[in-house]
Amino acid sequence: MLNGSVVSKGIGIGIAKVVSSQGSEVMSAEEFMSAISGMKPGAVLVASHLTPYMVGMLKEYSISGIVCETGGMASHSALAAKSMGIPAVYDVAGATKEIADGDTVIVDGSSGYVYERPDSDIVAGYTVKRKKYLADLEELKGYRNLKTVMADGTECSIVCNASDILSVMHVIDEGGEGIGLFRTENLLSGEGRIPDEEEQTRVYSRIVSAMKGKEVIVRTLDIGGDKNMPFLNLEKEDNPFLGYRGVRCSLGHRDIFTTQLRAILRASAGGKMSIMIPMVTCVEEMRNIKSLIHEIKTDLRDEGFEFDDDIKVGATIETPSAAIMADALARECDFFSIGTNDLIQYVMSADRGNSRVAYLQSVTQPSILRLIKHTIDSAKAAGIEVSVCGEAASDPEVVPILAGFGCRKFSVNPLSVSEVRRTLSEWTVADAEGLAYDILKIPVDQEIRDHIHKIYKDRKS
Ligand code: PEP
Ligand code: MG
């Protein structure tokens, strides 16, 4: 048996298709496409490395699981696998050596176990587990079109993370109450060039109209880190996650940024939109952006375009500096959304795509929990809305803690809407606050997890 990081729940049983880059060089998209051609439906893909783009290519193959040797549970590749609902385990050392093409493989996306050539008892056990998992998914369907209400009647909202038109359809199907994070990197890189203002306005308008009056928060381009747009020919950096990423790149490429902001503003005439800025570290950045948006609004008005003059402009709180400065930033922002994926990587100094430091990438690290609490407290004190849009908001073990800190808005993967809604329905605010109070006193990640498990077990019995 092999094991790795849990990425996407569910149990996949199938025949292995092994794709190895044979060395340190990552395969090109073309090489990957030719390597997976002929892969049978129901196969389990075993790969040495997967970029988000490669995961997107798997849509056509209806595979039953993914095992990847590298990645990290919060890498954008892992998030793509999760959003497609494919059971997946990443960071599985030696997978492409231990597993051969044609082997039967079981991927347990809940425990992180991967069984190569399992015996008949293990297959029988997992067939039963898979049935139970599918039955739970059926039960969860009952939560799709319910309101999100905690056990004491406190209302919450569950919005979704989306990145393309197809995922917007998933948001609607799964009962999401809006889009809390629309990542625009995929949308704007598909053609090998940045779409012009008219094209972007059309896409944003389509999303807003599909959401029929529900809120759509569009995050401006977050290029850099593990997301590159090769056609922009950006300088290669030694530390891309600490470099020219997100708002820094946008402020440096005014033409691209202005086009995107004009398009979002124009689309805001047709529905409820907000603008979210990624990778903010300081108050100056928000001030610069607000004055740029002010200038753009003046131009649009002069040109006779309609837009929502009250459009909200907020920040993703995902850097240590932003979280520490949340009280001051709250005075510059209309809302916050806490990006736990990056917050964890930056606070713990642990690259979100590096399997060797995956053990540090945990939202229940006390430092992370304290910063989340400080951010929520600061937003509340300033009277602005706060949500959590990182993967932590989709984790049913963590959701009660976030609720205990005062979070009432969760932006999750569409496939997690019902599960998070059910979890919230099982907790009162008082119980969630009690849990949050207790865990803030515990200084060790694993002890916090043990405490949570004990509380959950006691509540179930
Ligand atoms: C985050 O960092 O938590 C986040 C939501 O953004 P992304 O995963 O796209 O970096
Ligand atoms: Mg981020």
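Ligands are counted one by one from 1 in listed order, and the atoms in each one are counted from 1 as well.
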Practice item. With heavy atoms only and a cut-off of under 4.0 Å, state how Gln345 meets ligand 1: side chain, backbone, both or neither. Key: neither

Review point. Backbone, side chain, both or neither: what part of Met279 comes under 4.0 angstrom of ligand 1, heavy atoms only?
Key: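 Under 4.0 Å from ligand 1, Met279 contributes no heavy atoms.
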
Check your understanding: Is there a side-chain contact between Leu221 and Ile194, using heavy atoms and a 4.5 Å cut-off?
Key -> yes

Exercise for review: With atom 2 (O) of ligand 1 as the reference point, say which of Leu181, Asp342, Ile344 has the nearest heavy atom.
Suggested key: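 Heavy atom nearest to atom 2 (O) of ligand 1 belongs to Asp342.
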
Review point. Hey, which N, O or S atom on Asp342 ends up closest to the Mg ion (ligand 2)?
Key: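 That would be atom OD2.
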
Check your understanding: What N, O or S atom of Glu318 is found closest to the Mg ion (ligand 2)?
Key ->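 Nearest N/O/S atom of Glu318: OE1.
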
Within a distance under 4.0 Å of any heavy atom of [X], pick out the atoms of ligand 1 and give their elements.
X      : value
Arg183 : 4 (C), 5 (C), 6 (O), 7 (P), 8 (O), 9 (O)
Arg352 : 2 (O), 7 (P), 8 (O), 10 (O)
Leu79  : 8 (O)
Arg245 : 10 (O)

Review point. What is the ring orientation for His253 with Tyr244, classed by angle as parallel under 30°, tilted 30 to 60°, or perpendicular over 60°?
Key: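 Plane angle between 30° and 60°, so tilted.
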
Point to revise | Nearest-neighbour protein heavy atom for atom 6 (O) of ligand 1, which is reported as residue plus atom name and distance | key: Arg219 NH1, 3.0 Å

Practice item. Compute the shortest N/O to N/O distance between Asn341 and ligand 1 and return yes if it is under 3.5 Å, no if not. Key: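 Min N/O separation from ligand 1 is below 3.5 Å for Asn341.
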
Practice item. May I ask whether Asn161 has any heavy atom positioned less than 4.0 angstrom from an atom of ligand 1? Key: no

Review point. Which residue, Arg449, His451, Gln446, Glu397, forms the side-chain hydrogen bond (donor to acceptor under 3.5 Å, both in side chains) with Thr364?
Key: Arg449

**Study point:** Sole candidate of Arg422, Lys9, Lys141 that passes salt bridge (charged side-chain N to carboxylate O under 4.0 Å, His left out) when paired with Asp136
**Key:**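 Only one option passes, and that is Arg422.
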
Point to revise | Backbone N/O of Glu419 and side chain of Ser416: donor-acceptor pair under 3.5 Å | key: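 Not confirmed, Ser416 side chain does not pair with Glu419 backbone.
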
Point to revise | Main-chain N/O of Ile277 paired with Thr316 side-chain donor or acceptor, under 3.5 Å | key: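 Yes; judged by distance alone, with no hydrogens or angles, the pair exists.
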
Exercise for review: Answer yes or no: is there an ion pair linking Lys441 with Glu447, defined by an N-O contact shorter than 4.0 Å?
Suggested key: no

Review point. Is any side-chain N of the basic residue among Arg421 and Glu174 closer than 4.0 Å to the acidic one's carboxylate O?
Key: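 A salt bridge is absent here (no side-chain N lies under 4.0 Å from a carboxylate O).
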
